[in-house]
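Keep in mind that this is a model prediction, so the values were computed, not measured. Residue indices begin at 1 and follow the sequence shown. Counting starts at 1 for both ligands and their atoms, in listed order.
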Amino acid sequence: MKKICFLVLLATSLFTFANKPVYDIYPKQEPIRRSISVDGNRISIYSKNVQQLRHIVFAADTHLAISDERENDFKQYSARMADAYRITKHFRTGKEMTTRQAFLETINHSKKSNADLLVLCGDIINFPSEAAVEWCRQKLDSAQVNYSYTAGNHDWHYEGMSGSSIDLRDKWISERLMPLYPKSADPLMYYIDVKDVRVLMIDNSVYEILPRQLAFLQEQIKTGKPLLICMHIPLYAEGRSVGYGCGNPNWNANTDPGYKTERRLPWPEKGHSKTTYKFREEILNAKNVLAVFCGHIHAETVDMIGNTPQFVTQMNGTGAYYDIYIYPEM
Ligand SMILES: [Fe+2]
């Protein structure tokens with residue numbers, strides 16, 4: 001009798017299973033973002049995991065060249081960049097402007113629009129002069145805007161100085177750039193919570209990712225919180241240039257276009273470390289990444305890498321920025 005009951009139960013289950021629509025049998029994981037809309041430099045992200053509207057201004061590549069007499073001993077390392085991007089053209093009006101005007105306009109916009117956070121995502125300054133760091137701090141402090149900062153490949157770079165990129169980054173971050181980071185933050189990786197949205201600031205300005213940065217990312221993915229990932233250098237996207245250099249299989253000493261001009265060591269012969277590839281893979285496989293935001297390319301681009309959107313901003317030296325609005329799903 002027991003055997004008959006079991007067989008009836010099994011047959012009923014199989015029948016039910018076979019007739020169920022696929023979406024009932026394999027329920028989809030609820031996506032962290034339901035849709036994204038782009039209107040000019042305004043990006044709207046809709047997410048069920050966000051309770052209240054959030055507004056983040058994202059800027060990178062201001063390329064400020066500011067120095068004073070304290071730079072005299074470093075002129076042999078900063079001469080080229082001290083002259084770079086002196087005059088730019090405004091991203092909207094096309095009128096000539098300075099990078100200082102662009103930076104102030106962006107701060108002003110963040111302030112006036114009551115943004116929750118202004119993200120400064122690298123290459124804000126052309127080389128690590130004390131005067132540039134002080135000028136930025138003073139302008140940000142007097143405007144009283146909430147901001148976060150991570151370095152780009154120029155902020156800490158003195159051209160022609162000997163040493164590896166990783167060592168020179170450590171040296172100049174600790175000796176010059178520290179006033180730009182939040183107190184007690186690890187400059188290579190930290191987060192800022194904008195209510196329920198977690199903004200990750202990850203320094204990939206040497207194109208490579210360190211093991212402890214990978215561990216940090218993995219930890220953040222595990223939290224399940226909606227993540228906005230901000231880093232200077234974009235992730236590799238198919239068909240893009242080698243500038244999309246984080247986890248790029250074409251990135252190596254033979255493809256390095258700038259080491260002679262920038263007077264630095266060429267990229268490694270063998271290309272990226274396994275850690276860097278893994279870092280990219282982890283971002284692309286994560287279910288709680290709202291989007292990735294980067295600079296470095298100096299052009300506005302959008303890529304859908306697998307299911308992950310990546311936005312690259314036009315250079316802030318032209319006044320450009322992204323207005324990111326994160327909406328609770330309506
Ligand atoms: Fe740049």
Side-chain angles (χ1 to χ4, degrees), residues 41 57-67 77-91 97-107 118-129 132-133 135-136 147-161 165 168-169 172-173 176-177 180 187 201-208 229-237 240-246 248 251 255-264 267 292-303 310-322:
N41 68 330
V57 175
F58 180 88
D61 300 284
T62 320
H63 283 284
L64 292 159
I66 300 172
S67 56
Y77 306 112
S78 59
R80 188 182 74 92
M81 289 309 287
D83 222 25
Y85 305 111
R86 281 254 166 234
I87 300 291
T88 59
K89 286 190 175 165
H90 192 275
F91 79 116
M97 70 187 307
T98 65
T99 51
R100 290 189 201 209
Q101 286 170 329
F103 192 68
L104 294 175
E105 198 177 288
T106 307
I107 294 178
L118 165 62
V119 174
L120 300 171
C121 205
D123 282 7
I124 302 304
I125 58 179
N126 271 352
F127 51 92
S129 84
V133 172
W135 187 85
C136 290
Y147 71 94
S148 61
Y149 165 79
T150 190
N153 51 306
H154 284 285
D155 301 66
W156 48 263
H157 185 51
Y158 273 130
E159 296 183 341
M161 205 167 264
S165 295
L168 290 168
R169 174 177 65 176
W172 295 111
I173 282 179
R176 299 281 175 82
L177 304 180
L180 294 175
M201 302 295 297
I202 300 179
D203 186 326
N204 67 350
S205 61
V206 296
Y207 293 81
E208 293 272 47
I229 301 185
C230 302
M231 51 198 187
H232 184 65
I233 294 175
L235 296 175
Y236 165 64
R240 294 292 188 188
S241 73
V242 79
Y244 292 70
C246 189
N248 190 326
W251 183 88
T255 59
D256 188 343
Y259 73 95
K260 283 185 185 159
T261 309
E262 293 175 357
R263 293 190 292 146
R264 56 171 168 74
W267 297 337
V292 177
F293 283 88
C294 308
H296 190 55
I297 304 297
H298 296 195
E300 202 172 283
T301 66
V302 185
D303 288 280
Q310 174 170 267
F311 295 87
V312 173
T313 181
Q314 164 65 289
M315 70 177 285
N316 179 245
T318 67
Y321 53 82
Y322 277 133

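Counting only N and O atoms by type, the side chains of Asn126 and His154 include no donor and acceptor under 3.5 Å apart. Thr301 and Tyr244 form a side-chain donor-acceptor contact under 3.5 Å, judged by distance and modelled atom types alone.
Residue His154 does not count as close to the Fe ion (ligand 1), with no N, O or S atom under 2.8 Å. Counting backbone and side-chain atoms alike, His296 contributes no N/O/S atom closer than 2.8 Å to the Fe ion (ligand 1).
The atom of Asp61 that is an N, O or S and sits closest to the Fe ion (ligand 1) is OD1. Residue Asp123 approaches the Fe ion (ligand 1) most closely through its N/O/S atom OD2. His298 has its closest N, O or S atom to the Fe ion (ligand 1) at the position named NE2.
Using cut-offs of 30° and 60° on the angle between ring planes, the pair Trp267 and Trp251 is parallel. The aromatic rings of His296 and His232 sit perpendicular, their planes meeting at an angle over 60°, well past the 30° parallel limit.
In this structure, Glu105 and His90 have side chains that are in contact, with non-hydrogen atoms separated by less than 4.5 Å.
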